[in-house]
**Student:** 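Just passing along the structure, written as structure tokens.
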Amino acid sequence: MTDLTTTSTTTPPVPVPRTAVLDDAHVGDIRGALGTIKLDDNAPRTGLSAKLKTLLAIVGPGLIVMVGDNDAGAFGTYTQAGQNYGTSLLWTLLLLVPVLYVNQEMVLRLGAVTGVGHARLILERFGKFWGAFSVIDLFLLNALTIVTEFIGITLAVGYLGLPKAPSVLLAAAIVVVAASTGSFRRFERTAILLCAGSLLLVPIFFLVHPSAGRMAHDFVVPGMPAHSQLSDVMLLIIAIVGTTVAPWQLFFQQSYVIDKRITPRFMRYEKADLWIGIVIVVIGAAAMMGFCAAAFAGHGEAGNFTDAGAVAAGLEKHAGKLAGVLFAIALLDASIIGASAVSLSTAYAIGDVLGLKHSLHRGIKGAKGFYAVFAGLVLAAAIIVIIPGSPLGLLTEGVQTLAGVLLPSASVFLLLLCNDKAVLGPWVNGRAMNVFTSIVVAVLVTLSIILTAAVLFPDISSTTILDIMAVCGVAGILALGYAETRRRHKGWALSGPIDRTGKGYWRMPPLRELPAPVLSTGRKIGLTALRTYLLAAVILVIVRIVQLAVAH
């Protein structure tokens, strides 16, 4: 695209290099829900007021992706943890905080620096197979996830006494219309307003008033529920991980950062936005575990979770009508946010890969393919949910399983892209980030294998789960030993300090100008193994779900 040169009346003009941005609507003023930053505004932010105004203009991507993560599936998972096991699993949320931050910080960095969506980068740097795989698995997984969001809507409106079909179709219309006005700012204002609705979980917490001291202890001291099966608890922990760190989040935030026109100059403000979102999502998750633990303790419902609709009814029974109504409204709100974000992540990815115009700054006429994908996913999910006899329980199980199976591959490519100097230049990962992310990927792969085994063998024992964890641990140690031996044999030095000079204005050049990626033998072997595992796991999981559907 054409070169851009920014000017300012208070600072010298800063030349902006040609970038790989694929849609020219992704270049221009930042028009956020709470403020505007002009393209030629290069003035330093020195005072508190200037910094606050900048933050308000930037807030959005991190907040929406995190609150969108506390969607219908999350409501089911967190309330199940609280109802069945009290607050004993609260510590999982604390462990997930750095994982959430590291994963989402890497994708916001990729978005701001490259101007190209996640799926397109995978296609360009790893070839057609992985590019097609990333889009196809995202499409299928997201389509199923959107169905679960509308299941959440049916549970909420069912409790509130509203008619199912009209309410679901009205919610679908709200999701589509909010994103289709051709105004990015209008969509973001709607999304942030919905994000504020997630705070309805806080007054429920105070209505039920669980023990703050007990929750504080369980939040920082890991432990396992007493008198419980390790296999059941492990599967719930995997569900908590899967619902908190989902593949769609990576694709959504990277593309949304690009669509909002955020550049590396504002990286620290976007990181602050991400932290705001993380704090809100953890508060919401902890509140759900806490008030469910307190409301159902000592009652027949304890240990007998069914769904979020029953949670609303139980809250009304044990904490009053207001608690039940607030929970149902919060569930409805979360499901609408989730449906919007997940649908947009798919539409962005397909637009990136197919070269379609894909921006919320464009109206329907200016981005027909983008909005067709978005609206098609939303309406299809809504129709599936209101069809009598739809296997909604199996669809929910399929989403949780496929998300767990596919998440490691998303994290692997995220890590590889963030070490690609042609893509990120001075913004590549440092050594500490790589070590931490590698550990996270290893843990995710282990959890993915356990989840796949549990789906194929529902009666899996605790001993088998521990054996799987031990084998994965040994395999990880052997892989590290092999890598270190190879490094010493080849005489490779550990990477030194990274030159970060000029990173504030560095952007990835156009895709056609990037040098071809060079993959080491070790990475090729690793990617081949990952490809084999994913294909086998996905096929086996699909076969198992089909068997369950036929039996049902």
Side-chain angles (χ1 to χ4, degrees), residues 66 69-101 198 201-202 204-205 208-246 278-299 301-308 310-311 314-315 327 330-331 334 396-397 399-401 403-404 407 440 443-444 446-448 450-451 454 460-462 465-466 468-469:
M66 287 292 97
D69 181 49
N70 260 2
D71 58 358
F75 267 59
T77 301
Y78 297 138
T79 54
Q80 180 182 0
Q83 183 172 341
N84 288 0
Y85 300 113
T87 57
S88 59
L89 295 179
L90 266 175
W91 56 270
T92 58
L93 299 178
L94 181 62
L95 292 183
L96 284 172
V97 168
V99 178
L100 277 173
Y101 176 76
S198 67
L201 295 169
V202 176
I204 302 174
F205 179 89
V208 180
H209 53 80
S211 170
R214 182 76 229 177
M215 288 187 65
H217 174 272
D218 290 345
F219 189 70
V220 298
V221 180
M224 299 296 282
H227 312 296
S228 59
Q229 287 289 329
L230 175 62
S231 55
D232 294 338
V233 176
M234 279 298 301
L235 291 177
L236 183 56
I237 290 174
I238 294 172
I240 291 172
V241 174
T243 195
T244 309
V245 187
I278 290 173
V279 169
I280 291 176
V281 80
V282 171
I283 289 174
M288 282 188 274
M289 285 192 192
F291 63 62
C292 282
F296 297 113
H299 299 288
E301 298 95 335
N304 295 300
F305 174 83
T306 53
D307 58 41
V311 169
L315 287 172
F327 181 81
L331 172 60
T396 302
E397 181 179 347
V399 168
Q400 293 176 335
T401 305
L407 182 58
V440 169
V443 172
L444 291 177
T446 302
L447 296 179
S448 175
I450 293 172
L451 180 60
I460 189 171
S461 67
S462 301
I465 289 177
L466 293 174
I468 292 173
M469 294 173 68

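Any value given below was found using the heavy atoms of this structure, including those in side chains, with hydrogens, waters and symmetry copies removed.
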**Student:** Working to the nearest 0.5 angstrom, can you tell me the gap between Gln80 CD and Asn304 CG?
**Tutor:** 11.0 Å
**Student:** Could you tell me which residues satisfy side chain to side chain contact (heavy atoms under 4.5 Å, CB included) with Ser461, sequence neighbours excluded, listed by chain and number?
**Tutor:** Thr463, Thr464
**Student:** Is the closest side-chain heavy-atom distance between Ile240 and Met289 below 4.5 Å?
**Tutor:** yes
**Student:** How about Tyr78 and Thr243: do any of their side-chain heavy atoms sit closer than 4.5 Å?
**Tutor:** yes
**Student:** Answer yes or no: are there more than 12 heavy-atom neighbours, outside His209 itself, under 6.0 Å from its atom NE2?
**Tutor:** no
**Student:** Looking at side-chain heavy atoms only, is the closest gap between Met469 and Ile450 below 4.5 Å?
**Tutor:** yes
**Student:** Kindly assign one of parallel, tilted or perpendicular to the pair Phe291 and Phe327, based on the angle between their ring planes and the thresholds 30° and 60°.
**Tutor:** perpendicular
**Student:** Looking at Thr79 and Gly76, would you say the former's side chain and the latter's main chain have a donor-acceptor pair under 3.5 Å?
**Tutor:** yes
**Student:** Nearest 0.5 Å, please: how far is CH2 in Trp91 from CE in Met224?
**Tutor:** 6.5 Å
**Student:** How long is the gap from CD1 on Ile238 to OG1 on Thr92, to the nearest 0.5 Å?
**Tutor:** 12.0 Å
**Student:** If you measure from CZ on Phe219 to CG on Leu89, what distance do you get to the nearest 0.5 Å?
**Tutor:** 13.0 Å
**Student:** Quick check, are the ring centers of Phe296 and Phe305 under 6.0 angstrom apart?
**Tutor:** no
**Student:** Can you run down the salt bridge (Lys or Arg N to Asp or Glu O under 4.0 Å) pairs that involve residues 218-228, sequence neighbours left out, and say none if there aren't any?
**Tutor:** Arg214-Asp218
